[in-house]
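Report on one structure; see the data block that follows.
These numbers were taken from a predicted model, which means no experiment stands behind them. In what follows, chains are A, B, ... by sequence order, proteins preceding strands, each numbered from 1.
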Amino acid sequence: MLQLSVLREQTDLVVAGLTKRNYKNAAEEVAALLDLDQRRRQVQSEHDELQARSNSISKEIGILMKNGEREKAESYKAQTSDLKQQAKTLSDQLGALEEELQQALYKLPNIPHESVPQGRSAEDNEVVLQHGDIPTLHDGAQPHWELIQKYDIIDFDLGNKITGAGFPVYKKQGARLQRALINFFLDEAMKAGYTEIQPPILVNEVSGYGTGQLPDKDGQMYHATADNYYLIPTAEVPITNLYRDEIIPAEQLPIKNTGHTPCFRREAGSWGADVRGLNRLHQFDKVEVVQITLPEKSYETLEEMSSYIQGLLQKLELPYRVLRLCGGDMGFTSALTYDMEVYSAAQGRWLEVSSASNFETYQANRLKLRYKNENGKTQLLHTLNGSALALPRIVAAILENNQTPEGINMPKVLHPYLGFEKIG
RNA sequence: AGAGAGUUGGCGGAGUGGUCGAACGCGGCGGUCUUGAAAACCGUUGACUGUAACAGGUCCGGGGGUUCGAAUCCCUCACUCUCUGCCA
(Lines give C-alpha, C1' and ligand atoms only; values in the text may rest on other atoms or scores of the structure.)
Protein backbone atom coordinates (compact mmCIF):
# COMPACT_ATOMS: atom_id res chain seq x y z
CA MET A 1 0.00 0.00 0.00
CA LEU A 2 1.32 3.39 -0.94
CA GLN A 3 1.82 5.93 1.80
CA LEU A 4 -0.50 8.91 1.77
CA SER A 5 2.40 11.18 2.50
CA VAL A 6 4.07 10.02 -0.72
CA LEU A 7 0.88 10.60 -2.67
CA ARG A 8 0.66 14.09 -1.24
CA GLU A 9 4.24 15.12 -1.57
CA GLN A 10 5.26 13.37 -4.78
CA THR A 11 2.03 13.35 -6.69
CA ASP A 12 3.64 13.72 -10.12
CA LEU A 13 5.97 10.83 -9.49
CA VAL A 14 3.10 8.62 -8.42
CA VAL A 15 1.02 9.48 -11.47
CA ALA A 16 3.98 8.87 -13.77
CA GLY A 17 4.63 5.54 -12.07
CA LEU A 18 1.05 4.39 -12.38
CA THR A 19 1.03 5.44 -15.99
CA LYS A 20 4.08 3.28 -16.61
CA ARG A 21 2.00 0.38 -15.40
CA ASN A 22 -0.68 1.37 -17.91
CA TYR A 23 -2.95 2.21 -15.02
CA LYS A 24 -6.05 3.84 -16.40
CA ASN A 25 -6.88 7.45 -15.45
CA ALA A 26 -3.96 7.62 -13.05
CA ALA A 27 -4.04 11.40 -12.69
CA GLU A 28 -7.79 11.53 -12.07
CA GLU A 29 -7.72 8.69 -9.57
CA VAL A 30 -4.85 10.16 -7.62
CA ALA A 31 -6.52 13.56 -7.59
CA ALA A 32 -9.75 11.99 -6.34
CA LEU A 33 -7.84 10.18 -3.65
CA LEU A 34 -6.06 13.30 -2.50
CA ASP A 35 -9.38 15.11 -2.40
CA LEU A 36 -10.78 12.31 -0.28
CA ASP A 37 -7.81 12.59 2.03
CA GLN A 38 -8.29 16.33 2.25
CA ARG A 39 -11.92 15.84 3.27
CA ARG A 40 -10.96 13.18 5.73
CA ARG A 41 -8.48 15.46 7.46
CA GLN A 42 -11.00 18.27 7.52
CA VAL A 43 -13.62 16.12 9.21
CA GLN A 44 -10.97 14.64 11.46
CA SER A 45 -9.88 18.01 12.79
CA GLU A 46 -13.48 19.14 13.34
CA HIS A 47 -14.16 15.94 15.18
CA ASP A 48 -11.02 16.26 17.26
CA GLU A 49 -11.94 19.75 18.29
CA LEU A 50 -15.37 18.67 19.52
CA GLN A 51 -13.78 15.78 21.27
CA ALA A 52 -11.33 18.11 22.98
CA ARG A 53 -14.14 20.31 24.27
CA SER A 54 -16.13 17.37 25.47
CA ASN A 55 -13.08 15.92 27.19
CA SER A 56 -12.39 19.11 29.07
CA ILE A 57 -16.01 19.43 30.20
CA SER A 58 -15.97 15.86 31.44
CA LYS A 59 -12.85 16.56 33.40
CA GLU A 60 -14.49 19.61 34.88
CA ILE A 61 -17.50 17.54 35.93
CA GLY A 62 -15.19 15.06 37.61
CA ILE A 63 -13.63 17.82 39.68
CA LEU A 64 -17.01 19.34 40.58
CA MET A 65 -18.37 15.98 41.67
CA LYS A 66 -15.37 15.48 43.87
CA ASN A 67 -15.91 18.87 45.47
CA GLY A 68 -19.58 18.10 46.00
CA GLU A 69 -20.83 20.82 43.65
CA ARG A 70 -23.57 18.62 42.27
CA GLU A 71 -25.82 21.25 40.77
CA LYS A 72 -23.09 22.87 38.81
CA ALA A 73 -22.01 19.51 37.54
CA GLU A 74 -25.53 18.77 36.34
CA SER A 75 -25.61 21.96 34.33
CA TYR A 76 -22.36 20.98 32.63
CA LYS A 77 -23.82 17.63 31.76
CA ALA A 78 -26.61 19.29 29.82
CA GLN A 79 -24.04 21.16 27.74
CA THR A 80 -22.38 18.03 26.48
CA SER A 81 -25.43 16.33 25.04
CA ASP A 82 -25.38 18.62 22.04
CA LEU A 83 -21.66 18.15 21.57
CA LYS A 84 -22.18 14.44 21.72
CA GLN A 85 -24.74 14.53 18.95
CA GLN A 86 -22.44 16.51 16.67
CA ALA A 87 -19.45 14.34 17.47
CA LYS A 88 -21.41 11.23 16.62
CA THR A 89 -22.35 12.61 13.21
CA LEU A 90 -18.77 13.58 12.50
CA SER A 91 -17.33 10.31 13.65
CA ASP A 92 -19.73 8.40 11.39
CA GLN A 93 -18.64 10.57 8.49
CA LEU A 94 -15.03 10.06 9.43
CA GLY A 95 -15.43 6.29 9.57
CA ALA A 96 -17.00 6.24 6.13
CA LEU A 97 -14.28 8.46 4.65
CA GLU A 98 -11.53 6.37 6.18
CA GLU A 99 -13.02 3.20 4.81
CA GLU A 100 -13.37 4.73 1.37
CA LEU A 101 -9.80 5.97 1.49
CA GLN A 102 -8.49 2.61 2.62
CA GLN A 103 -10.27 0.80 -0.21
CA ALA A 104 -8.95 3.32 -2.73
CA LEU A 105 -5.41 2.85 -1.44
CA TYR A 106 -5.69 -0.93 -1.67
CA LYS A 107 -6.50 -0.56 -5.34
CA LEU A 108 -3.32 1.33 -6.18
CA PRO A 109 -0.35 -0.84 -7.17
CA ASN A 110 3.22 -0.05 -6.25
CA ILE A 111 5.17 2.61 -8.14
CA PRO A 112 7.75 1.06 -10.49
CA HIS A 113 11.43 1.82 -10.00
CA GLU A 114 12.91 4.20 -12.54
CA SER A 115 14.78 1.37 -14.25
CA VAL A 116 11.56 -0.49 -15.06
CA PRO A 117 10.99 -0.44 -18.81
CA GLN A 118 7.82 0.89 -20.36
CA GLY A 119 5.61 -1.82 -21.78
CA ARG A 120 2.33 -3.64 -21.87
CA SER A 121 3.03 -7.36 -21.83
CA ALA A 122 5.66 -10.08 -21.49
CA GLU A 123 7.04 -9.15 -24.93
CA ASP A 124 8.17 -5.81 -23.59
CA ASN A 125 10.29 -7.26 -20.81
CA GLU A 126 13.96 -6.47 -21.08
CA VAL A 127 16.43 -9.35 -21.37
CA VAL A 128 19.22 -8.41 -18.98
CA LEU A 129 21.46 -11.35 -19.69
CA GLN A 130 21.51 -14.89 -20.98
CA HIS A 131 23.75 -17.64 -19.71
CA GLY A 132 24.64 -21.19 -20.80
CA ASP A 133 24.35 -23.11 -24.03
CA ILE A 134 21.06 -24.26 -25.36
CA PRO A 135 21.39 -28.03 -25.73
CA THR A 136 20.71 -29.92 -28.95
CA LEU A 137 18.69 -32.99 -28.26
CA HIS A 138 18.83 -36.38 -29.92
CA ASP A 139 16.21 -37.48 -32.42
CA GLY A 140 13.04 -38.56 -30.74
CA ALA A 141 13.54 -36.29 -27.73
CA GLN A 142 10.36 -35.86 -25.75
CA PRO A 143 8.70 -33.15 -23.66
CA HIS A 144 8.66 -33.80 -19.94
CA TRP A 145 5.03 -34.88 -19.83
CA GLU A 146 5.98 -37.85 -21.96
CA LEU A 147 9.23 -38.52 -20.12
CA ILE A 148 7.52 -38.73 -16.73
CA GLN A 149 5.24 -41.44 -18.08
CA LYS A 150 8.04 -43.28 -19.80
CA TYR A 151 10.03 -43.50 -16.56
CA ASP A 152 6.95 -43.60 -14.29
CA ILE A 153 8.17 -40.85 -11.96
CA ILE A 154 5.29 -38.35 -11.88
CA ASP A 155 1.66 -39.38 -12.26
CA PHE A 156 -1.03 -36.89 -13.17
CA ASP A 157 -3.77 -39.49 -13.53
CA LEU A 158 -3.33 -40.65 -9.96
CA GLY A 159 -3.36 -37.07 -8.72
CA ASN A 160 -6.48 -36.48 -10.69
CA LYS A 161 -8.07 -39.51 -9.09
CA ILE A 162 -7.39 -38.54 -5.49
CA THR A 163 -7.68 -34.76 -5.87
CA GLY A 164 -8.02 -33.17 -9.28
CA ALA A 165 -6.18 -31.67 -12.23
CA GLY A 166 -2.94 -29.91 -11.39
CA PHE A 167 -2.13 -32.04 -8.35
CA PRO A 168 0.53 -34.50 -9.52
CA VAL A 169 1.76 -37.52 -7.60
CA TYR A 170 5.54 -37.89 -7.50
CA LYS A 171 6.82 -41.44 -7.41
CA LYS A 172 10.08 -43.36 -7.12
CA GLN A 173 12.97 -41.39 -8.62
CA GLY A 174 10.56 -38.51 -9.20
CA ALA A 175 9.83 -38.26 -5.49
CA ARG A 176 13.53 -38.47 -4.66
CA LEU A 177 14.30 -35.77 -7.14
CA GLN A 178 11.82 -33.49 -5.35
CA ARG A 179 13.41 -34.20 -2.01
CA ALA A 180 16.91 -33.74 -3.40
CA LEU A 181 16.08 -30.36 -4.92
CA ILE A 182 14.45 -29.11 -1.74
CA ASN A 183 17.44 -30.12 0.36
CA PHE A 184 19.90 -28.72 -2.14
CA PHE A 185 18.11 -25.38 -2.27
CA LEU A 186 17.84 -25.11 1.51
CA ASP A 187 21.47 -26.04 2.05
CA GLU A 188 22.60 -23.44 -0.49
CA ALA A 189 20.43 -20.78 1.13
CA MET A 190 21.90 -21.52 4.53
CA LYS A 191 25.40 -21.29 3.08
CA ALA A 192 24.44 -17.86 1.75
CA GLY A 193 23.44 -16.72 5.23
CA TYR A 194 19.70 -17.31 5.20
CA THR A 195 17.96 -18.69 8.29
CA GLU A 196 15.67 -21.62 7.69
CA ILE A 197 12.02 -21.23 8.70
CA GLN A 198 9.24 -23.79 8.60
CA PRO A 199 6.06 -21.74 8.70
CA PRO A 200 2.42 -22.82 8.73
CA ILE A 201 1.01 -23.23 5.23
CA LEU A 202 -2.37 -21.85 6.19
CA VAL A 203 -2.55 -18.21 7.16
CA ASN A 204 -5.25 -15.92 8.51
CA GLU A 205 -6.87 -13.11 6.62
CA VAL A 206 -4.73 -10.36 8.14
CA SER A 207 -1.60 -12.04 6.81
CA GLY A 208 -3.16 -12.16 3.36
CA TYR A 209 -3.60 -8.40 3.50
CA GLY A 210 -0.14 -7.88 4.96
CA THR A 211 1.76 -9.06 1.91
CA GLY A 212 -0.82 -7.81 -0.56
CA GLN A 213 -2.44 -11.05 -1.78
CA LEU A 214 -5.70 -9.66 -0.41
CA PRO A 215 -7.77 -8.02 -1.61
CA ASP A 216 -6.00 -8.00 -4.98
CA LYS A 217 -5.74 -11.76 -5.50
CA ASP A 218 -8.80 -12.91 -3.64
CA GLY A 219 -10.09 -15.87 -5.60
CA GLN A 220 -6.62 -17.06 -6.53
CA MET A 221 -5.99 -18.54 -3.12
CA TYR A 222 -7.62 -21.64 -1.71
CA HIS A 223 -9.81 -20.60 1.17
CA ALA A 224 -10.55 -22.85 4.14
CA THR A 225 -13.84 -21.18 4.91
CA ALA A 226 -14.72 -23.13 8.06
CA ASP A 227 -11.90 -21.34 9.88
CA ASN A 228 -11.33 -18.48 7.44
CA TYR A 229 -7.76 -19.52 6.69
CA TYR A 230 -6.03 -19.28 3.34
CA LEU A 231 -3.65 -21.85 1.85
CA ILE A 232 -0.49 -19.97 1.06
CA PRO A 233 0.35 -19.30 -2.59
CA THR A 234 3.99 -18.78 -1.60
CA ALA A 235 6.13 -18.92 1.55
CA GLU A 236 6.54 -15.18 1.16
CA VAL A 237 3.21 -14.75 2.92
CA PRO A 238 3.95 -16.44 6.26
CA ILE A 239 7.66 -15.63 6.31
CA THR A 240 7.20 -11.92 5.67
CA ASN A 241 4.21 -11.70 8.03
CA LEU A 242 6.43 -12.99 10.81
CA TYR A 243 7.46 -9.36 11.10
CA ARG A 244 4.04 -7.75 10.91
CA ASP A 245 3.55 -4.98 13.49
CA GLU A 246 7.21 -5.03 14.49
CA ILE A 247 9.79 -2.35 15.02
CA ILE A 248 13.04 -4.13 14.25
CA PRO A 249 16.20 -3.00 16.06
CA ALA A 250 18.50 -1.65 13.35
CA GLU A 251 21.37 -3.91 14.40
CA GLN A 252 19.28 -6.97 13.49
CA LEU A 253 19.10 -5.90 9.86
CA PRO A 254 19.21 -7.22 7.27
CA ILE A 255 16.90 -10.12 8.06
CA LYS A 256 17.49 -13.04 5.71
CA ASN A 257 15.10 -15.96 5.90
CA THR A 258 14.44 -18.97 3.74
CA GLY A 259 11.80 -21.66 3.82
CA HIS A 260 10.46 -24.57 1.89
CA THR A 261 6.70 -24.90 1.59
CA PRO A 262 4.16 -26.35 -0.73
CA CYS A 263 2.37 -23.56 -2.59
CA PHE A 264 -1.27 -23.59 -3.58
CA ARG A 265 -2.76 -21.62 -6.43
CA ARG A 266 -6.20 -21.87 -7.87
CA GLU A 267 -5.04 -20.35 -11.16
CA ALA A 268 -8.64 -19.53 -11.93
CA GLY A 269 -9.06 -18.67 -15.57
CA SER A 270 -5.45 -19.15 -16.56
CA TRP A 271 -5.58 -22.59 -18.13
CA GLY A 272 -4.64 -22.71 -21.75
CA ALA A 273 -2.34 -24.23 -24.31
CA ASP A 274 0.92 -23.48 -22.50
CA VAL A 275 0.13 -25.19 -19.26
CA ARG A 276 0.67 -28.87 -19.99
CA GLY A 277 2.48 -31.13 -17.61
CA LEU A 278 4.46 -29.38 -14.91
CA ASN A 279 4.24 -25.95 -16.46
CA ARG A 280 1.37 -24.87 -14.25
CA LEU A 281 0.08 -26.64 -11.14
CA HIS A 282 -2.34 -26.07 -8.30
CA GLN A 283 0.14 -27.42 -5.79
CA PHE A 284 3.90 -27.26 -6.08
CA ASP A 285 6.98 -27.00 -3.90
CA LYS A 286 9.16 -23.97 -3.64
CA VAL A 287 12.05 -22.69 -1.58
CA GLU A 288 11.69 -18.98 -1.03
CA VAL A 289 14.20 -16.40 0.17
CA VAL A 290 12.98 -13.29 1.97
CA GLN A 291 14.96 -10.25 3.04
CA ILE A 292 14.08 -7.22 5.10
CA THR A 293 16.53 -4.37 4.68
CA LEU A 294 17.17 -0.72 5.30
CA PRO A 295 15.62 1.41 2.54
CA GLU A 296 19.00 2.54 1.23
CA LYS A 297 20.24 -1.06 0.91
CA SER A 298 17.31 -2.69 -0.85
CA TYR A 299 18.43 -2.38 -4.48
CA GLU A 300 21.87 -3.65 -3.65
CA THR A 301 20.12 -6.55 -1.94
CA LEU A 302 17.95 -7.24 -4.97
CA GLU A 303 21.09 -7.59 -7.10
CA GLU A 304 22.57 -9.90 -4.50
CA MET A 305 19.43 -12.03 -4.56
CA SER A 306 19.43 -12.13 -8.31
CA SER A 307 23.00 -13.35 -8.50
CA TYR A 308 22.35 -15.88 -5.74
CA ILE A 309 19.48 -17.35 -7.76
CA GLN A 310 21.58 -17.36 -10.92
CA GLY A 311 24.24 -19.27 -9.01
CA LEU A 312 21.72 -22.01 -8.30
CA LEU A 313 20.81 -22.28 -11.96
CA GLN A 314 24.49 -22.44 -12.89
CA LYS A 315 25.08 -25.23 -10.40
CA LEU A 316 22.17 -27.11 -11.91
CA GLU A 317 23.77 -26.53 -15.35
CA LEU A 318 20.62 -25.06 -16.80
CA PRO A 319 20.69 -22.42 -19.55
CA TYR A 320 18.84 -19.38 -18.32
CA ARG A 321 18.15 -15.75 -18.94
CA VAL A 322 17.26 -12.86 -16.67
CA LEU A 323 14.45 -10.46 -17.49
CA ARG A 324 13.68 -7.08 -16.09
CA LEU A 325 9.91 -6.97 -16.11
CA CYS A 326 8.21 -4.07 -17.80
CA GLY A 327 5.58 -1.90 -16.16
CA GLY A 328 2.71 -3.86 -17.62
CA ASP A 329 3.97 -7.29 -16.59
CA MET A 330 5.06 -6.60 -13.02
CA GLY A 331 3.25 -7.87 -9.98
CA PHE A 332 0.88 -5.55 -8.17
CA THR A 333 3.07 -4.98 -5.12
CA SER A 334 6.51 -4.87 -6.73
CA ALA A 335 8.70 -1.88 -7.56
CA LEU A 336 11.23 -3.89 -9.55
CA THR A 337 11.15 -7.55 -10.53
CA TYR A 338 13.69 -9.83 -12.15
CA ASP A 339 12.36 -13.03 -13.64
CA MET A 340 14.68 -15.95 -14.21
CA GLU A 341 13.74 -18.28 -17.04
CA VAL A 342 15.30 -21.60 -17.93
CA TYR A 343 15.32 -22.97 -21.42
CA SER A 344 13.23 -26.05 -21.85
CA ALA A 345 14.77 -27.77 -24.84
CA ALA A 346 12.03 -30.19 -25.76
CA GLN A 347 9.32 -27.55 -25.52
CA GLY A 348 11.55 -25.03 -27.25
CA ARG A 349 10.59 -22.25 -24.87
CA TRP A 350 11.70 -20.35 -21.82
CA LEU A 351 10.04 -21.24 -18.52
CA GLU A 352 9.85 -18.86 -15.59
CA VAL A 353 11.43 -20.54 -12.57
CA SER A 354 12.04 -17.60 -10.30
CA SER A 355 10.93 -14.10 -9.64
CA ALA A 356 12.89 -11.76 -7.40
CA SER A 357 11.28 -8.50 -6.34
CA ASN A 358 11.87 -5.42 -4.30
CA PHE A 359 8.64 -4.17 -2.76
CA GLU A 360 10.26 -1.14 -1.18
CA THR A 361 7.83 0.07 1.50
CA TYR A 362 4.68 -1.20 -0.20
CA GLN A 363 4.33 -4.33 1.90
CA ALA A 364 5.99 -2.78 4.94
CA ASN A 365 3.34 -0.07 5.03
CA ARG A 366 0.57 -2.63 5.28
CA LEU A 367 2.58 -4.79 7.63
CA LYS A 368 3.58 -1.87 9.84
CA LEU A 369 7.11 -3.20 9.59
CA ARG A 370 9.49 -0.51 10.78
CA TYR A 371 12.81 0.37 12.35
CA LYS A 372 14.21 3.37 14.16
CA ASN A 373 16.76 5.39 12.23
CA GLU A 374 19.81 7.17 13.72
CA ASN A 375 17.60 10.06 14.78
CA GLY A 376 15.26 7.76 16.65
CA LYS A 377 12.54 8.27 14.07
CA THR A 378 10.33 5.31 13.20
CA GLN A 379 10.48 4.47 9.49
CA LEU A 380 9.26 1.77 7.16
CA LEU A 381 11.66 -0.94 6.06
CA HIS A 382 11.96 -2.50 2.62
CA THR A 383 10.94 -6.08 1.90
CA LEU A 384 12.21 -8.33 -0.86
CA ASN A 385 11.77 -11.91 -1.88
CA GLY A 386 12.67 -14.37 -4.55
CA SER A 387 12.04 -17.98 -5.50
CA ALA A 388 15.15 -20.04 -4.96
CA LEU A 389 13.67 -21.98 -6.54
CA ALA A 390 10.26 -23.28 -7.61
CA LEU A 391 10.53 -26.99 -8.37
CA PRO A 392 8.19 -28.05 -11.17
CA ARG A 393 9.65 -26.15 -14.07
CA ILE A 394 13.18 -26.86 -12.84
CA VAL A 395 12.25 -30.53 -12.93
CA ALA A 396 10.76 -30.12 -16.39
CA ALA A 397 13.92 -28.47 -17.68
CA ILE A 398 16.25 -30.98 -16.06
CA LEU A 399 14.29 -33.87 -17.54
CA GLU A 400 14.05 -32.40 -21.01
CA ASN A 401 17.51 -30.91 -21.35
CA ASN A 402 19.42 -33.89 -20.01
CA GLN A 403 17.56 -36.70 -21.77
CA THR A 404 19.50 -39.28 -23.78
CA PRO A 405 18.31 -42.46 -25.44
CA GLU A 406 19.75 -44.30 -22.44
CA GLY A 407 18.07 -42.26 -19.71
CA ILE A 408 18.14 -38.84 -18.10
CA ASN A 409 21.37 -37.60 -16.58
CA MET A 410 21.09 -35.74 -13.29
CA PRO A 411 23.12 -32.59 -12.58
CA LYS A 412 26.30 -33.41 -10.63
CA VAL A 413 25.42 -31.23 -7.64
CA LEU A 414 22.37 -33.35 -7.01
CA HIS A 415 24.12 -36.74 -7.03
CA PRO A 416 24.87 -36.78 -3.29
CA TYR A 417 21.30 -35.76 -2.56
CA LEU A 418 19.75 -38.25 -4.97
CA GLY A 419 21.72 -41.39 -4.42
CA PHE A 420 21.62 -42.00 -8.18
CA GLU A 421 23.04 -40.29 -11.26
CA LYS A 422 20.53 -41.17 -13.89
CA ILE A 423 16.82 -41.72 -14.27
CA GLY A 424 16.01 -44.86 -16.23
C1' A B 1 -15.77 -30.72 21.38
C1' G B 2 -17.34 -29.46 26.94
C1' A B 3 -16.15 -26.57 31.64
C1' G B 4 -13.37 -22.75 33.86
C1' A B 5 -9.67 -18.72 33.88
C1' G B 6 -7.46 -14.99 31.24
C1' U B 7 -5.85 -11.05 27.17
C1' U B 8 -2.81 -4.06 30.01
C1' G B 9 3.47 -0.52 27.38
C1' G B 10 9.96 -4.25 24.89
C1' C B 11 9.03 -7.95 29.14
C1' G B 12 6.77 -9.00 34.12
C1' G B 13 2.74 -6.97 36.58
C1' A B 14 -0.81 -3.28 39.37
C1' G B 15 -5.11 -0.84 38.36
C1' U B 16 -13.16 -2.40 39.22
C1' G B 17 -16.24 4.43 36.73
C1' G B 18 -13.26 10.69 37.15
C1' U B 19 -6.81 14.74 36.51
C1' C B 20 -4.74 6.91 33.89
C1' G B 21 -1.14 6.68 28.44
C1' A B 22 -1.59 3.97 32.84
C1' A B 23 1.75 2.42 39.72
C1' C B 24 5.87 -0.71 40.58
C1' G B 25 9.80 -3.98 38.89
C1' C B 26 12.98 -5.62 34.82
C1' G B 27 15.15 -4.23 30.33
C1' G B 28 16.87 0.08 27.11
C1' C B 29 19.10 5.00 26.82
C1' G B 30 21.79 9.35 29.23
C1' G B 31 24.55 10.88 33.51
C1' U B 32 27.32 10.70 38.47
C1' C B 33 31.15 7.62 40.48
C1' U B 34 35.54 4.60 38.34
C1' U B 35 42.09 4.02 35.14
C1' G B 36 38.09 0.99 32.63
C1' A B 37 33.94 -2.04 33.79
C1' A B 38 30.40 -3.83 37.35
C1' A B 39 27.53 -2.33 41.51
C1' A B 40 25.09 1.84 43.54
C1' C B 41 22.62 6.40 42.80
C1' C B 42 20.07 10.31 39.63
C1' G B 43 17.39 11.21 35.23
C1' U B 44 14.93 9.35 30.97
C1' U B 45 12.19 5.70 28.08
C1' G B 46 5.11 3.32 24.00
C1' A B 47 2.61 3.68 19.15
C1' C B 48 -0.50 6.14 15.62
C1' U B 49 -2.55 10.71 13.88
C1' G B 50 -2.02 15.78 13.49
C1' U B 51 0.82 20.83 13.15
C1' A B 52 5.50 25.08 10.10
C1' A B 53 6.14 24.16 15.31
C1' C B 54 3.06 23.82 19.49
C1' A B 55 -1.78 22.35 20.69
C1' G B 56 -5.30 18.70 19.95
C1' G B 57 -7.14 13.62 18.92
C1' U B 58 -6.87 8.02 19.10
C1' C B 59 -4.99 3.42 21.18
C1' C B 60 -5.23 -1.08 27.82
C1' G B 61 -7.11 -8.28 22.32
C1' G B 62 -11.17 -6.70 17.94
C1' G B 63 -16.15 -4.67 17.36
C1' G B 64 -20.55 -2.61 19.59
C1' G B 65 -23.23 -0.50 23.93
C1' U B 66 -24.24 2.17 28.88
C1' U B 67 -22.38 7.07 30.90
C1' C B 68 -21.14 13.98 31.19
C1' G B 69 -16.85 10.57 31.73
C1' A B 70 -14.76 3.48 30.57
C1' A B 71 -8.48 -0.12 31.10
C1' U B 72 -12.51 -0.47 34.85
C1' C B 73 -19.75 -1.91 33.78
C1' C B 74 -22.77 -4.70 29.73
C1' C B 75 -23.04 -7.47 24.86
C1' U B 76 -20.38 -9.92 21.10
C1' C B 77 -16.27 -12.01 18.43
C1' A B 78 -11.26 -13.73 18.32
C1' C B 79 -7.23 -15.71 20.69
C1' U B 80 -4.38 -17.91 24.94
C1' C B 81 -4.04 -21.04 29.25
C1' U B 82 -5.88 -25.12 32.67
C1' C B 83 -8.92 -29.50 33.30
C1' U B 84 -12.03 -33.31 30.73
C1' G B 85 -12.70 -35.76 25.92
C1' C B 86 -10.40 -37.10 21.29
C1' C B 87 -5.93 -37.74 18.70
C1' A B 88 -0.60 -37.74 14.85
Side-chain angles (χ1 to χ4, degrees), chain A residues 1-9 33-102 104-105 198-210 214 223-230 238 241-253 255 262 292 361 363-381:
Chain A
M1 186 164 64
L2 295 173
Q3 297 166 84
L4 268 172
S5 57
V6 172
L7 284 166
R8 283 203 288 259
E9 287 152 27
L33 210 142
L34 286 176
D35 180 57
L36 193 58
D37 175 50
Q38 180 61 42
R39 270 153 53 212
R40 190 210 99 229
R41 282 189 294 165
Q42 176 64 34
V43 172
Q44 172 94 55
S45 78
E46 284 172 32
H47 174 260
D48 286 358
E49 198 184 318
L50 279 180
Q51 198 66 3
R53 273 202 273 160
S54 153
N55 283 346
S56 78
I57 291 174
S58 289
K59 253 179 201 178
E60 199 62 33
I61 291 174
I63 293 166
L64 291 172
M65 296 294 260
K66 209 161 240 175
N67 297 341
E69 300 184 55
R70 275 193 172 276
E71 269 176 42
K72 204 165 174 196
E74 287 302 325
S75 77
Y76 272 124
K77 277 193 197 181
Q79 278 187 36
T80 55
S81 71
D82 189 40
L83 280 181
K84 241 184 120 179
Q85 205 46 251
Q86 293 178 46
K88 172 96 174 95
T89 311
L90 283 175
S91 101
D92 287 350
Q93 271 180 42
L94 188 59
L97 284 169
E98 274 171 350
E99 178 61 22
E100 200 181 332
L101 193 59
Q102 184 70 15
L105 279 172
Q198 271 196 30
I201 56 179
L202 275 78
V203 294
N204 58 29
E205 198 175 357
V206 182
S207 295
Y209 276 94
L214 292 173
H223 190 188
T225 51
D227 296 291
N228 196 24
Y229 292 151
Y230 290 87
N241 270 283
L242 252 25
Y243 301 94
R244 169 152 45 81
D245 293 323
E246 297 283 344
I247 297 177
I248 313 278
E251 63 272 17
Q252 284 177 24
L253 298 166
I255 287 169
I292 298 168
T361 60
Q363 289 182 332
N365 191 31
R366 284 197 194 178
L367 291 162
K368 304 263 174 294
L369 167 52
R370 296 150 296 166
Y371 77 109
K372 280 196 201 297
N373 68 13
E374 320 73 73
N375 306 322
K377 213 178 156 215
T378 313
Q379 287 197 308
L380 294 172
L381 286 160

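- Nucleic acid contact class of A:Thr378 (heavy atoms, under 4.0 Å, all strands): sugar-phosphate only.
- By the neighbour-count criterion of 12 heavy atoms within 6.0 Å, atom CD of A:Glu98 is densely surrounded, having more than that number from other residues, nucleotides or ligands.
- Under the salt bridge (charged side-chain N to carboxylate O under 4.0 Å, His left out) criterion, A:Asp92 pairs with A:Lys88, not counting sequence neighbours.
- A search for salt bridge (charged side-chain N to carboxylate O under 4.0 Å, His left out) contacts involving A:Lys368 returns nothing, not counting sequence neighbours.
- For the P atoms, the distance linking B:rC26 with B:rG13 amounts to 15 Å, nearest Å.
- A search for side chain to side chain donor-acceptor pair (under 3.5 Å) contacts involving A:Asp48 returns A:Gln44, not counting sequence neighbours.
- Counting to the nearest Å, the C1' atom of B:rU51 and the CG atom of A:Leu4 are 17 Å from each other.
- In this view, A:Asn373 and A:Tyr371, A:Asn375, A:Lys377, A:Gln379 satisfy the side chain to side chain contact (heavy atoms under 4.5 Å, CB included) rule, not counting sequence neighbours.
- Across B:rU72 and B:rA22, the matching C1' atoms stand 12 Å from one another, rounded to whole Å.
- Taking the C1' atoms as reference points, B:rA52 lies 37 Å from B:rG27, given to the whole Å.
- For B:rU49, neither phosphate oxygen OP1 nor OP2 lies less than 4.0 angstrom from any side-chain nitrogen or oxygen of A:Arg40.
- Using atom C1' as the reference point in both B:rC60 and B:rU8, the two lie 4 Å apart (nearest Å).
- Remark: A:Glu69 engages A:Leu64, A:Asn67, A:Lys72 in a side chain to side chain contact (heavy atoms under 4.5 Å, CB included) (not counting sequence neighbours).
- At a cut-off of 3.5 Å, with distance as the only test, a side-chain donor of A:Glu46 or A:Gln42 sits close to an acceptor on the other residue.
- For A:Lys84 and B:rU66, the shortest distance from a side-chain N or O to OP1 or OP2 is not below 4.0 Å.
- For A:Asp227, the salt bridge (charged side-chain N to carboxylate O under 4.0 Å, His left out) test picks out no residue, with sequence neighbours left out.
- Nucleotides B:rG25 and B:rU45 are separated by 15 Å at their C1' atoms, to the nearest Å.
- The CD-C1' distance, from A:Glu98 to B:rC48, rounds to 12 Å in whole Å.
- Distance noted for atom C1' between B:rG65 and B:rA70: 11 Å (whole Å).
- Listed by chain and residue number, A:Tyr106 satisfy the ring-ring contact (aromatic ring centres under 6.0 Å, His included) test with A:Tyr209 (two or more places apart in sequence, or in another chain).
- Across the P atoms, B:rG9 and B:rA5 are found 23 Å apart, a figure rounded to whole Å.
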Identify all pairs in which a protein N or O lies below 3.5 Å from an N or O of nucleotides 58-65 of chain B, and state each distance.
unit_1 : atom_1 : unit_2  : atom_2 : d
B:rU58 : OP1    : A:Gln51 : NE2    : 2.9

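- A straight line from CD1 of A:Ile57 to P of B:rU19 spans 17 Å, rounded to a whole angstrom.
- RNA chain B contains the following stems of three or more consecutive Watson-Crick or G-U pairs, with both distances under 3.5 Å: B:1-7 with B:78-84, B:10-12 with B:24-26, B:27-32 with B:40-45, B:46-49 with B:56-59, B:61-65 with B:73-77.
- Taking only side-chain nitrogens and oxygens, A:Arg8 comes nearer than 4.0 Å to OP1 or OP2 of B:rG50.
- In terms of phosphate contacts, A:Arg41 brings a side-chain nitrogen or oxygen within less than 4.0 Å of OP1 or OP2 of B:rU51.
- In the model, A:Gln3 has no side-chain atom that pairs as donor or acceptor with a side-chain atom of A:Asn365 under 3.5 Å.
- Annotation: B:rC77 and B:rC68 have their C1' atoms spaced 29 Å apart (nearest Å).
- Rounded to an integer number of Å, the gap from A:Gln38 CD to B:rG50 C1' is 13 Å.
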